[in-house]
Amino acid sequence: MAGDDPGRKRRRQVTEAILLVGGKGTRLRPLTVHTPKPMVPAAGVPFLTHQLARARAAGVDHVVLATSYLAEVFEPYFGDGAALGLRLEYVTEADPLGTGGAIRNVADRLHSAPDDPVLIFNGDILTGLDIPALVDTHRDTGADVSLHLTRVPDPRAFGLVPTDGTGRVTAFLEKPQTPEEIVTDQINAGAYVFRRSVIDTIPAGRPVSVERETFPGLLADGAHLQGMVDSTYWLDLGTPQAFVRGSADLVLGRAPSPAVPGRCGERLVLPAAEVAPDAKLTGGTVIGAGAVVGDGARIAGSTVLDRAVVEPGAVVTDSMIGEGARIGARTVVEGVVIGDGAHVGADNELREGVRVWCGATLPPAAIRFSSDE
């Protein structure tokens, strides 16, 4: 019987996880003015929902959320986690403690034995990581900590993690700049399996960076840190452009998640939204609950949040339209973030990188680009 397969039993042995969801999401503003980064909607639900659903699918049943910024938002939404088949607990940092400090701060909520594996995620990474394979690698190698590594074409913005022929980590190199410093294209992808007892070695009560202090310190002390390269889908959602892309990729089915509330395809229209029959929605576009899309509007690869309005003839591409915001008739937005409640008047043209703050009003035809630009 399938239930007697030893491999399947083994893959179910990780039962606890820590999710690091305390960051301020400064680079995502104005999306994060009223909403913590993990709660910004991606493919119709808060991004954190996708991470929790993937953890549950991997056999995790107890998750501790390490919260800080706008911590009061999480528990009213997710409650005790029963709706997701999980048991959720929440620990709030009075002062930001960094990644390592946050992990140590929630240690007393864990129930694992000293040698048991504990899964740890950063709350802003969208990934197709094979979680059971990472756990298996951790067990097979007897590692103290195992890291998900991925390969990127340009690693200069990341921490490099070279490994030897067996996958054992040999160094941590933070954001190299010269060609001589770039000794590998493997980077820390933000998901780990810790031996439970290792968590207790992190100093308590002060800020600690797991990337800059904990991992190099463990390596210097002779601990076994194992890397597993998994080059499936991976995206750091730290910028508005990346967040919009990640949401579209979830809707298109390029990024895996059991939490997408509908079939994968060109568009996801949530209940109570009104979309004109001749409006065109493509590229993984999401239309939020109660939003309105007018006649002839064209929306591609974008997210229109709840109760926002896109007026007739507007063109929205690779953009995020905030909750309750309004895009005027014939206005063009491309690679833009419109904050909650903002109003962009008719006949404007907003291009790459523009951010309109929450509640702001832009008059009609205030910004245009000439045809030769």
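Position 1 is the first residue of the sequence, and the numbers go up from there.
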Are [Y] and [X] connected in a single hydrophobic cluster, I mean Ile/Leu/Val/Met/Phe/Trp/Tyr linked by side-chain heavy atoms less than 4.5 Å apart?
X      : Y      : value
Phe78  : Leu70  : yes
Val169 : Val183 : no
Leu252 : Val316 : no
Val356 : Val33  : no
Val208 : Tyr192 : yes

* **Ring centers of Phe172, Phe215 separated by less than 6.0 Å** =>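 Yes, close enough.
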* Asked: Val63 and Ile18: side-chain contact (heavy atoms from CB on, under 4.5 Å), yes or no, with the steps?
  -> CA-CA 6 Å; Val63 179; Ile18 298 169; over 6 Å; no
What's the separation between atom [atom1] in [X] and atom [atom2] in [Y], rounded to the nearest 0.5 Å?
X      : Y      : atom1 : atom2 : result
Leu52  : Leu65  : CG    : CG    : 6.0 Å
Asp236 : Asn122 : CG    : CG    : 8.5 Å
Leu235 : Ile125 : CG    : CD1   : 8.0 Å
Thr285 : Ile299 : OG1   : CD1   : 6.5 Å
Arg168 : Thr163 : CZ    : OG1   : 12.0 Å
Tyr69  : Thr26  : OH    : OG1   : 8.0 Å

Distance-only, no hydrogens or angles: does the [X] side chain make a donor-acceptor pair with backbone N or O of [Y] under 3.5 Å?
X      : Y      : value
Glu311 : Gly328 : no
Thr15  : Val60  : no
Thr361 : His343 : no
Asp295 : Ala276 : no
Asp306 : Ala289 : yes
Gln186 : Val161 : yes
Ser302 : Ser319 : yes
Arg355 : Arg29  : yes
Asp124 : Leu237 : no
Thr32  : Gly25  : yes

* **The single option from Leu305, Leu362, Val344, Leu31 passing side chain to side chain contact (heavy atoms under 4.5 Å, CB included) against Ile338** =>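 Result for side chain to side chain contact (heavy atoms under 4.5 Å, CB included) with Ile338: Val344.
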* Of Leu250, Leu129, Asp249, Thr127, which meets side chain to side chain contact (heavy atoms under 4.5 Å, CB included) against Tyr233? ->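 It is Asp249; the other options fail the test.
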Taking the side chain as every heavy atom from C-beta outward, state whether [X] and [Y] have any pair of such atoms under 4.5 Å apart.
X      : Y      : value
Val45  : Pro261 : yes
Arg139 : Pro117 : yes
Thr201 : Val198 : yes
Pro203 : Glu213 : yes
Lys37  : Val21  : no
Phe74  : Leu88  : no
Asp347 : Pro364 : no
Leu281 : Val269 : yes

* Asked: Just checking, is any N or O donor in the side chain of Thr67 or Thr92 under 3.5 Å from an acceptor N or O on the other one?
  -> yes
* Does a side chain donor of either Gln226 or Thr137 reach within less than 3.5 Å of an acceptor in the other side chain? ->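 No, Thr137 and Gln226 have no side-chain donor paired with an acceptor closer than 3.5 Å.
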* **Option among Glu16, His62, Glu89 that satisfies the side chain to side chain donor-acceptor pair (under 3.5 Å) test with Arg109** => Glu89
Kindly give the heavy-atom pair with the smallest separation between [X] and [Y], and that separation in Å.
X      : Y      : answer
Ala66  : Glu93  : CB-OE2, 4.4 Å
Ala43  : Ser247 : N-OG, 2.8 Å
Val118 : Ser112 : CG2-OG, 4.0 Å
Ala346 : Thr331 : C-OG1, 3.4 Å
Pro96  : Ser68  : CG-OG, 4.3 Å
Ala259 : His50  : CB-ND1, 3.7 Å

* Taking it one step at a time, do Ile287 and Arg267 satisfy side-chain contact (heavy atoms from CB on, under 4.5 Å)? -> CA-CA 8 Å; Ile287 306 299; Arg267 55 190 264 174; over 6 Å; no
* If you draw a 6.0 Å radius around CZ in Arg54, do more than 12 non-hydrogen atoms from other residues or ligands fall strictly inside? ->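 For Arg54, atom CZ is crowded (more than 12 foreign heavy atoms under 6.0 Å).
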* Should we count CG of Asp95 as having more than 12 external heavy atoms under 6.0 Å? -> no
* How would you list, by chain and number, every residue that makes a side chain to side chain donor-acceptor pair (under 3.5 Å) with Thr184, sequence neighbours excluded? ->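 Thr184 satisfies side chain to side chain donor-acceptor pair (under 3.5 Å) with no residue once adjacent residues are dropped.
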* Does the salt bridge (Lys or Arg N to Asp or Glu O under 4.0 Å) test come out yes or no for Asp115 and Arg195, once each step is laid out? -> CA-CA 5 Å; Asp115 286 337; Arg195 187 189 301 272; 3.3 Å; yes
* Asked: Mind checking what makes salt bridge (Lys or Arg N to Asp or Glu O under 4.0 Å) contact with Asp200, not counting sequence neighbours?
  ->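 If we apply the salt bridge (Lys or Arg N to Asp or Glu O under 4.0 Å) test to Asp200, skipping adjacent residues, the hits are Arg196.
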* Asked: Parallel under 30°, tilted from 30 to 60°, perpendicular over 60°: which one fits the rings of Phe243 and Phe47?
  ->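 Taking Phe47 first and then Phe243, their aromatic rings stand perpendicular (interplane angle over 60°).
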* To do: Decide side-chain contact (heavy atoms from CB on, under 4.5 Å) for Val91 and Val64; before the verdict, give the C-alpha distance in whole Å, the side-chain angles of both, and the deciding distance to 0.1 Å.
  => CA-CA 7 Å; Val91 177; Val64 185; 3.9 Å; yes
